[in-house]
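All values derive from a computational prediction rather than experimental measurement.
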Amino acid sequence: MHFEHALGLAMRSLTTLVAARAILIIWRFVMSRVAFRKPSAPEVAIIAGGCRIRERCAIAAAAGRGVRVAIVSSGASTQDEVCDYVPRDSPMIALCDRQATCTLSNFSSLIVVLRAVQVRHVLVITSVQHARRAFSIASIVLGSHGIGTSFATVHGSEWDAPEHTVRHVRDVLRSIAYALLSVDPGYVPSLLMHPTRHARVCHTRLCVSAVPGQPGARRSDR
């Protein structure tokens with residue numbers, strides 16, 4: 001009897017916590033949409049990588065939008081290649097990040113840094129084929145932290161056909177679970193698929209680069 005009472009109390013407490021978390025996330029998301037109505041240039045671009053052509057086109061697109069920092073998340077290009085993609089006349093800083101093991105972690109792995117430097121507007125860039133799923137995930141994950149998002153697509157990908165709807169729905173559900181619980185149900189399978197990925201981005205450099213008026217460097221030979 002005592003066990004059943006304790007179990008019922010624990011379940012009610014957990015339900016209350018999840019409900020409170022959901023209300024907070026909805027509030028942040030709504031406020032990010034309201035604040036985002038004011039015209040503002042994106043401060044950071046997150047590029048869902050995977051193909052060098054896509055990444056080159058995406059960095060050029062980010063530079064054309066006046067972005068200060070572009071991050072290629074788990075892409076095919078090296079740090080030096082990413083730097084070389086930046087147009088010569090652009091002050092934009094390009095970084096290569098290897099933390100992500102899937103599309104969801106393209107965004108969740110950078111939340112701490114984005115919030116630390118109070119980024120309010122992120123430009124998400126990927127290929128046309130990958131766009132629907134990536135943009136849905138970014139809206140949920142970044143929006144749940146009060147970060148506004150805008151989107152751009154580029155051509156150049158290893159895939160010719162759009163991604164399957166089942167994959168899209170699966171990752172949207174994963175994103176909602178992550179927003180509510182800060183846990184990704186697909187983390188372990190994704191990590192097993194990409195065991196060599198690890199963090200290579202310098203977060204201190206990103207923080208300095210994202211602050212207006214702070215100097216940064218892409219490479220010592222540029």
Side-chain angles (χ1 to χ4, degrees), residues 10-11 13-36 42-50 69 71-75 95-127 129-151 163-201 203 206-207 210:
M11 291 300 296
S13 299
L14 180 61
T15 302
T16 302
L17 288 173
V18 171
R21 172 80 173 171
I23 292 171
L24 176 62
I25 288 170
I26 293 171
W27 173 256
R28 285 177 176 172
F29 186 82
V30 170
M31 292 306 295
S32 73
R33 296 294 96 188
V34 171
F36 198 59
E43 301 147 289
V44 173
I46 297 178
I47 298 165
V69 180
I71 307 169
V72 177
S73 180
S74 291
L95 299 173
C96 184
D97 186 281
R98 295 289 182 188
Q99 297 179 90
T101 58
C102 61
T103 305
L104 192 155
S105 54
N106 281 149
F107 311 105
S108 63
S109 62
L110 296 168
I111 285 292
V112 173
V113 175
L114 296 176
R115 294 193 66 184
V117 296
Q118 299 180 348
V119 170
R120 304 300 298 171
H121 181 178
V122 170
L123 173 65
V124 178
I125 310 176
T126 190
S127 65
Q129 294 83 1
H130 186 44
R132 185 177 63 156
R133 184 164 62 95
F135 294 169
S136 297
I137 294 170
S139 296
I140 296 169
V141 174
L142 299 179
S144 68
H145 288 273
I147 300 173
T149 49
S150 58
F151 310 103
E163 294 177 328
H164 200 282
T165 301
V166 172
R167 194 177 184 189
H168 181 201
V169 172
R170 179 203 65 187
D171 281 359
V172 166
L173 294 176
R174 283 177 59 197
S175 301
I176 294 172
Y178 176 84
L180 288 173
L181 305 173
S182 296
V183 174
D184 175 16
Y187 173 75
V188 173
S190 297
L191 188 61
L192 291 175
M193 290 177 63
H194 305 285
T196 61
R197 290 188 180 175
H198 58 280
R200 290 184 182 173
V201 67
H203 287 173
L206 173 60
C207 292

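The side-chain contact (heavy atoms from CB on, under 4.5 Å) check on Val172 picks up Ser136, Ile140, His168, Ile176, with sequence neighbours excluded. For Ala48, the side-chain contact (heavy atoms from CB on, under 4.5 Å) partners are Asn106, Thr126, His130, not counting sequence neighbours. Remark: Arg132 pairs with no residue by the salt bridge (charged side-chain N to carboxylate O under 4.0 Å, His left out) rule, at least two apart or across chains.
With rounding to the nearest 0.5 angstrom, the OG atom of Ser109 is 9.0 Å from the CG atom of Leu114. Atom SG of Cys96 and atom CD1 of Ile47 lie 10.0 Å apart (nearest 0.5 Å). Taking CZ of Arg170 as the start and CZ of Arg133 as the end, the distance is 6.5 Å to the nearest 0.5 Å. The distance from atom CG of Leu180 to atom OG of Ser175, rounded to the nearest 0.5 Å, is 11.0 Å. With rounding to the nearest 0.5 angstrom, the CG atom of Asp97 is 9.0 Å from the CD1 atom of Ile46.
At distances below 3.5 Å, not a single donor-acceptor pair connects side-chain atoms of Gln99 with backbone N or O atoms of Ser105.
No side-chain heavy atom of Val122 sits less than 4.5 Å from a side-chain heavy atom of Phe107. Taking 4.5 Å as the limit, every side-chain heavy atom of Ser144 sits out of range of all side-chain heavy atoms of Tyr178. Contact annotation: the side chain of Ser150 approaches that of His121 to within less than 4.5 Å [non-hydrogen atoms, C-beta and beyond].
Counting all heavy atoms, side chain and backbone alike, Thr149 lies closest to Ser139 at OG1-OG, 4.0 Å. The minimum heavy-atom distance between His145 and Arg115, with the atom names listed, is ND1-NH1, 3.3 Å. Considering all non-hydrogen atoms of both residues, Leu104 and Ile137 come closest at CA-CG2, 3.7 Å. Val141 approaches Ile111 most closely through the heavy-atom pair O-CD1, 4.1 Å. Among all heavy-atom pairs drawn from Ala100 and Ser74, the shortest one is O-OG, 2.6 Å.
Paired with Glu43 under the rule side chain to side chain contact (heavy atoms under 4.5 Å, CB included), one option of Val119, Leu123, Val69 passes, and it is Val119.
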